[in-house]
Amino acid sequence: MKIPRVRFAPSPTGYLHVGGARTALFNWLFARRHGGVFILRIEDTDVERSSAEMVDGILDGMRWLGLTWDEGPLIGGPHAPYFQSERNDRYTAMANRLVAQEHAYYCYCSPADLKTRREAAEAAGGAFTYDRTCTKLTPSEIAERESRKEPRAIRFLVPAGAIRFNDLVHGPIEFDAANIEDFVILRSDGQPTYHLSVVSDDVEMGMTHVVRGDDHISNTPKQVLLYQAVGAPVPDFAHVPLILGPDKKRLSKRHGATSVMEYARLGVLPEAMVNFLALLGWSPGSGDRELFSQQELAEAFDLSGISGGNAVFNPDKLEWFNQQHLMRLAPEELITRLQPLLEEAGLWSSTLTTERRAWFFTVLELLKPRAKRLSDFVTLGRFLFDDALEFDEAAVDKHLRTGDAAQHLAALDAQLQTVDTFDPASLEVVLRAVAESRGVKAGTLIHAVRVAVTGKAVSPGIFEVLSLLGRTRARARIIHAISLATDAHGGQTTGR
RNA sequence: GUCCCCAUCGUCCAGAGGCCUAGGACGCCGGCCUUUCACGCCGGUAACGAGGGUUCGAAUCCCUCUGGGGACGCCA
């Protein structure tokens with residue numbers, strides 16, 4: 001196989017959504033797998049709807065996912081520029097060449113008129129196809145209109161016959177040109193349309209494969225025609241099925257989060273998103289493995305593993321992948337990812353990464369199996385980072401303001417004051433001894449202590465928690481809880 | 001309406017004629033572990049859309065139907 005050159009060519013009319021992200025990922029994986037080149041090209045020929053912010057948003061999404069491009073915005077490359085809005089002269093040149101070779105012609109029909117006719121046809125239940133009015137113009141009529149500078153578009157003259165191309169995921173696909181109208185390639189304002197700019201760029205940039213969404217299948221015959229008209233080799237196509245919402249409709253905003261950066265904000269790891277997206281519509285074939293790093297995916301990826309049918313986006317599975325990747329993240333790395341979140345929550349201090357490093361690592365290990373998202377470390381670990389506890393009233397009523405909880409805690413506190421080492425094992429011995437001496441089940445005391453030191457009914461193992469808190473903080477909380485327990489009417493239960 | 005794509009558990013995939021009394025994962029339901037919640041472990045639930053062919057033999061090949069999706073713009 002020749003060295004593949006592939007591209008992801010988003011239109012900056014919105015943020016990078018999961019569908020686009022997966023297409024980008026497949027292109028990236030394909031390039032990396034075969035030692036090819038991955039190009040990022042911005043298709044901003046729709047001036048009305050494109051914006052610089054959207055370009056930045058897409059670049060952010062690409063970077064977050066780790067989809068580095070070899071040629072494209074910011075870094076340039078041998079085929080610069082990589083913004084279609086800056087390649088206009090090439091498109092006009094190609095359009096003019098096509099007119100000169102009679103592969104295309106001027107069309108003076110007004111868009112407004114075309115629109116009404118199209119709507120009328122639709123109302124009548126059919127589809128409107130351009131009737132080639134302007135192909136009937138004589139050379140002198142054209143010359144006259146041109147001299148008057150009448151606005152006109154350029155249409156491609158679709159030749160009759162079958163148009164065939166081989167799709168790497170769908171196999172051979174054939175269209176009858178009779179069903180394809182003479183499409184506009186250059187708008188009356190001189191701007192190229194999608195078909196023209198895509199083919200022009202893909203030819204000039206030497207694309208060998210076009211990996212894109214399924215929704216482009218019906219565009220492909222038009223583009224094949226364009227390749228043939230300019231005498232360029234037709235690349236191999238691979239049309240990737242779409243991502244659907246739970247209702248089997250094309251995934252859109254009304255299904256919830258669709259922007260990849262939205263998932264980033266929700267505490268999803270890019271490695272989880274990549275893993276999830278890669279396996280949505282693609283499979284490495286035999287083998288039951290599902291957990292892959294980006295590198296491993298790049299080694300296993302193959303276009304032939306892409307399935308032909310659309311796939312439903314399953315948030316539950318994404319969350320599972322996230323949890324799995326979270327658990328596999330090295331402590332150092334986890335800290336880096338967590339820092340912004342902890343800072344935002346006002347829970348970060350530089351001591352976390354210096355003298356209390358070991359302490360922090362242990363905390364993270366304890367929280368890991370319980371966290372499904374990055375943000376869970378903040379909520380789950382808050383009681384360890386911050387002494388201002390928020391008490392769960394129901395838990396307080398159930399475990400603290402009940403029986404002799406206060407006395408039990410007081411007895412425990414007395415022992416905690418004197419216990420030699422504050423490690424989990426010693427603490428367990430102490431607590432069980434106190435429970436026995438007071439004639440209660442260990443569980444009873446444990447539950448009371450948990451609420452006392454965490455404010456909640458659920459937490460990681462209580463002995464680890466106590467140990468991590470340390471003697472001073474643990475005892476202070478228990479003492480406060482005792483007063484809480486004696487206060488029959490609840491009253492102020494927040495803070496310390 | 002026309003054209004195109006697709007069709008295995010609720011969902012994502014495996015399966016490229018006999019290995020399939022259809023496998024894995026998520027979810028769900030049990031159980032174990034346990035101080036709670038998770039993690040982990042064990043087990044269970046659940047599918048080849050229908051009908052015709054081809055073949056000794058079909059989830060796998062062909063046809064029809066049905067169903068779902070996409071495209072029909074001077075949007076990309």
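Within the 4.0 angstrom heavy-atom criterion, only backbone atoms of the sugar-phosphate kind lie near A:Thr193; the bases stay farther away. Looking at heavy-atom distances under 4.0 Å, A:Asp44 makes no contact with the nucleic acid at all. Note on A:Phe321: nothing from the nucleic acid sits closer than 4.0 angstrom, heavy atoms only. Here A:Glu174 lies in heavy-atom contact (under 4.0 Å) with sugar-phosphate atoms only.
Sorted by first and then second residue, the pairs that involve residues 152-169 of chain A and meet salt bridge (charged side-chain N to carboxylate O under 4.0 Å, His left out), not counting sequence neighbours, are A:Glu146-A:Arg152, A:Arg164-A:Glu174. Counting only residues at least two apart or on different chains, the ring-ring contact (aromatic ring centres under 6.0 Å, His included) pairs with a member in residues 441-461 of chain A are A:His399-A:His447. Counting only residues at least two apart or in different chains, salt bridge (charged side-chain N to carboxylate O under 4.0 Å, His left out) contacts with residues 124-137 of chain A comprise A:Arg117-A:Asp131, A:Arg132-A:Asp182.
Protein atom CG of A:Asp376 is 17 Å distant from nucleotide atom P of B:C37, rounded to whole Å. A:Asp247 has its CG atom 8 Å from the P atom of B:G69, to the nearest Å. Between the CG atom of A:Asp182 and the C1' atom of B:C74 there is a distance of 14 Å, rounded to whole Å. Summarising the geometry, the separation between CG on A:Leu251 and P on B:G69 is reported as 14 Å, rounded to the nearest angstrom. To the nearest angstrom, P of B:U36 lies 16 Å from CZ of A:Phe383. Note: CZ (A:Phe237) to P (B:C4) measures 17 Å, nearest angstrom. Separating the CG atom of A:Leu196 from the P atom of B:G73 is a distance of 18 Å, rounded to the nearest angstrom.
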Distances under 3.5 Å between nitrogen or oxygen atoms of protein and nucleotides 59-61 of chain B:
none

Pull out every protein N or O sitting under 3.5 Å from an N or O of nucleotides 38-43 of chain B, one pair per line with the distance.
{"unit_1": "B:A38", "atom_1": "O2'", "unit_2": "A:Pro369", "atom_2": "O", "d": "2.4"}

Distances under 3.5 Å only, N/O to N/O: pair up the protein atoms with those of nucleotides 33-35 of chain B.
{"unit_1": "B:U35", "atom_1": "OP1", "unit_2": "A:Arg432", "atom_2": "NH2", "d": "3.0"}
{"unit_1": "B:U35", "atom_1": "O2'", "unit_2": "A:His447", "atom_2": "NE2", "d": "3.0"}
{"unit_1": "B:U35", "atom_1": "O2", "unit_2": "A:Arg450", "atom_2": "NH1", "d": "3.2"}
{"unit_1": "B:U35", "atom_1": "O2", "unit_2": "A:Arg450", "atom_2": "NH2", "d": "2.6"}

I would like to know whether A:Ser293 and A:His325 meet side-chain hydrogen bond (donor to acceptor under 3.5 Å, both in side chains); could you show each step before the answer? CA-CA 9 Å; A:Ser293 69; A:His325 282 278; over 6 Å; no

Dump the intermediate steps for side-chain hydrogen bond (donor to acceptor under 3.5 Å, both in side chains) on A:Tyr263 and A:Asn322, then the final yes or no. CA-CA 11 Å; A:Tyr263 284 98; A:Asn322 202 225; over 6 Å; no

B/S/- along nucleotides 7-13 of chain B (protein heavy atoms under 4.0 Å) is ----BBS

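Judged by distance alone, the side chains of A:Arg450 and A:Ser459 do bring a donor and an acceptor atom under 3.5 Å apart. A:Asn219 and A:Tyr194 form no side-chain donor-acceptor contact under 3.5 Å, judged by distance and modelled atom types alone. Counted by atom type alone, A:His239 and A:Thr220 present one or more donor-acceptor pairs between their side chains at under 3.5 Å. No hydrogens or angles considered: a donor-acceptor pair under 3.5 Å links the side chains of A:Ser426 and A:Asp423.
Under the side chain to side chain donor-acceptor pair (under 3.5 Å) criterion, A:Arg382 pairs with no residue, sequence neighbours left out. Here A:Ser85 pairs with A:Asp44 under the side chain to side chain donor-acceptor pair (under 3.5 Å) rule; sequence neighbours left out. By the side chain to side chain donor-acceptor pair (under 3.5 Å) test, A:Glu86 pairs with no residue at all, sequence neighbours left out. Shown here are the side chain to side chain donor-acceptor pair (under 3.5 Å) partners of A:Asn27, two or more places apart in sequence or in another chain: there are none.
In summary, A:Asp46 and A:Arg49 engage in a salt bridge, as defined by a charged side-chain N under 4.0 Å from a carboxylate O. We find that A:Arg475 and A:Asp413 are joined by a salt bridge, their nearest charged nitrogen and carboxylate oxygen being less than 4.0 Å apart. A:Arg7 has no carboxylate O lying under 4.0 Å from a charged side-chain N of A:Glu43, or vice versa, which leaves the two without a salt bridge.
Only the P atoms considered, B:U45 is 11 Å distant from B:A22, to the nearest whole Å. A distance of about 28 Å separates the C1' atoms of B:C63 and B:C72, rounded to the whole Å. With both ends at atom C1', the span from B:C61 to B:U54 equals 8 Å, rounded to whole Å. Rounded to the nearest Å, the gap between the C1' atom of B:G51 and that of B:C32 is 48 Å. Taking atom C1' in both B:A59 and B:A47, one finds a spacing of 10 Å when rounded to whole Å. Using P as the reference atom, B:G18 and B:A76 are 48 Å apart when rounded to the nearest Å. B:G49 and B:C42 are spaced 31 Å apart, taking the P atom of each and rounding to whole Å. For the P atom pair drawn from B:A14 and B:G24, the interatomic distance equals 15 Å after rounding to whole Å.
Proximity of the aromatic rings of A:Phe313 and A:Phe276 is defined here by a centroid distance below 6.0 angstrom, and this criterion is met.
Here B:C74 is the nucleotide among B:C74, B:C3, B:A76 with the atom lying nearest to any side-chain atom of A:Pro111. The side chain of A:Leu242 sits closest to B:G69 out of B:G23, B:A76, B:G69.
Considering only side-chain N and O atoms, A:Arg187 lies nowhere under 4.0 angstrom from the phosphate OP1 or OP2 of B:G73. Contact annotation: A:His216 side-chain N/O to B:A71 OP1/OP2 distance is not under 4.0 Å. Within the 4.0 Å cut-off from OP1 or OP2 of B:A71, at least one side-chain nitrogen or oxygen of A:Arg250 is found. Close to B:A76, at under 4.0 Å from its OP1 or OP2, lies no side-chain N or O of A:Arg49. Applying the 4.0 Å criterion to OP1 and OP2 of B:A76, one finds that A:Thr45 has a side-chain N or O inside that range.
Along RNA chain B, the nucleotide nearest A:Ala457 and the nucleotide nearest A:Ala9 are compared for position; the residue whose nucleotide lies closer to the 5' end is A:Ala457. Positionally, the nearest nucleotide of RNA chain B for A:Ser218 lies more toward the 5' end than for the other of A:Leu186 and A:Ser218.
The stretch residues 155-164 of chain A comes close to RNA chain B through A:Arg155, each having a heavy atom under 4.0 Å from the strand.
Remark: A:Arg87 is not positioned above the aromatic ring of A:Phe83, lacking an NZ or CZ atom under 6.0 angstrom from the ring centre and at most 45 degrees off the axis.
Pair assignment for B:C61 gives B:G53, based on Watson-Crick or G-U wobble hydrogen-bonding distances that are each under 3.5 Å. Nucleotide B:C48 has no partner under the Watson-Crick or G-U criteria, as no pair reaches both atom distances under 3.5 Å.
Residue A:Glu436 places its CD atom among 12 or fewer non-hydrogen atoms of other residues, nucleotides or ligands, all under 6.0 Å distant.
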